[in-house]
Amino acid sequence: MDFIASGVNCIMPSTSRRLEYFTESVIRKMTRIANAYGAVNLSQGFPDFQPPNPLLQALEDVAMNGPHQYAVTWGAQNFREALAKKQTKFMGMPIDPEREIVVTCGSTEAMMCAMMTVCNPGDKVIVFSPFYENYGADAILSGAEPIFVPLHPPNFSFDEDELTRAFEQRPKALILCNPSNPTGKVFTLEELQFIAQLADRYDVFVITDEVYEHIVYKPYKHVYFASLPGMFERTISCSSLSKTYSITGWRLGYLIAPPAIIDGVRKVHDFLTVGAPAPLQEAAVTALGFPDEYYEELCEMYTQKRDFFIKGLDEEGLSYTYPQGAYYVMMDISEFGCPDDTLFCEWMAKEVGVAAVPGSSFFREDVRHLIRFHFAKKIDTLEDALQKLSTLRSIAKRGIF
Ligand code: GLN
């Protein structure tokens, strides 16, 4: 048995070796740094505005009337029914609330459950790079081994030969974040069809992360991977209510998949968390019933925020990637000559008063010239951030660190 020193006079067994292969979330660490310096927090992506009023009203009702005890482990009946109705409409295919949905604690749990359901230790999983940082830890915790396939700027498209070579290594699954965090890329129908034919040819599962499904800017369109011909059978669609209804703290996510996969997911989920919070599921049924205009207005609101924020970056002559979906902008910091984006972000939070996420936490490759901002904030907050960013160059001239 391995031992580690603990204190002066005692030793204790060492913790799991898997912990050596991933760090704490850099995104969430940046929120702590933002709070410590009182910086405008454009790092961890969550809104600073209220969720829709009818949803808050429903929450108030639930406080008095319940439920306050466990829901069915794979999701409250009325929540699954409301979700199935909404997703049937948007995905354009029938979703069975009885056999094809598991409700989870955020899409974070959904992705973990998906990985643990399909992967054996040693299985390979294709991950596009840059990638949302959770996928690396998901792979390690489920024993899978990532095969990274680069997304090439400026469009962050994959090279067909590189992707084909990854499939030739016989992976068990591919993870597809669409719209993509952190790049804001929306995969085209042609790209998705290319992935689909490879998934079919090599018999691979596709695990999607579609939490930004309703934040897609015109003229781009979201195509649900599961809705492509023949793909529902091999797709585990993960998503959540966090971004769509501005309730990231409610931790309501879900998986949609064929019954044979869902049977496995139910088992994993049951022993990981038992279930998502029953009172919050009950209140969220109201949101799942919102009319189509809600989603149009959501997109309109984020379009305004995106345009406002990037206009401010343009005015400062700062260069960035143009988001087609989601609510992130990757800004290029090459001009500042700082070799370490993590140090740059800590310095910027402290000295400039704006927090961002170092881009290196999303890339497999050694990329240190990008940082990620999110713009899911009130216009006033974005204005404050832009005002502070207008001092970035002059403060940097005095020296970074
Ligand atoms: N998805 C958000 C982001 O990328 C929030 C991440 C999290 O902390 N769950 O910033």
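Start at 1 and go down the list; that is how both ligands and their atoms are numbered. Numbers for residues simply follow the sequence, beginning at 1.
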**Item:** Partner residues of Q77 under the side chain to side chain contact (heavy atoms under 4.5 Å, CB included) criterion, sequence neighbours left out
**Value:** R80, E81, E98
**Prompt:** Is the gap between the ring centers of F131 and F148 under 6.0 Å?
**Reply:** yes
**Message:** Aromatic contact between F90 and H214, with the criterion being ring centroids under 6.0 Å apart: yes or no?
**Reply:** yes
**Fill in**
Protein neighbours of ligand 1 with a heavy atom under 4.0 Å, given by chain and number, are I27, R28, Q44, G45, Y132, N181, Y212, K243, Y328, R372
**Prompt:** Who pairs with L163 by side chain to side chain contact (heavy atoms under 4.5 Å, CB included), at least two apart in sequence or on another chain?
**Reply:** I126, F128, V149, F158, F167, L174, F194, I195, L198
**Asked** Below 4.0 angstrom, N of the basic side chain to O of the carboxylate: do K185 and E191 qualify?
**Response** yes
**Fill in**
The side chain to side chain contact (heavy atoms under 4.5 Å, CB included) partners of L59 (sequence neighbours excluded) come to W250, L280, A283
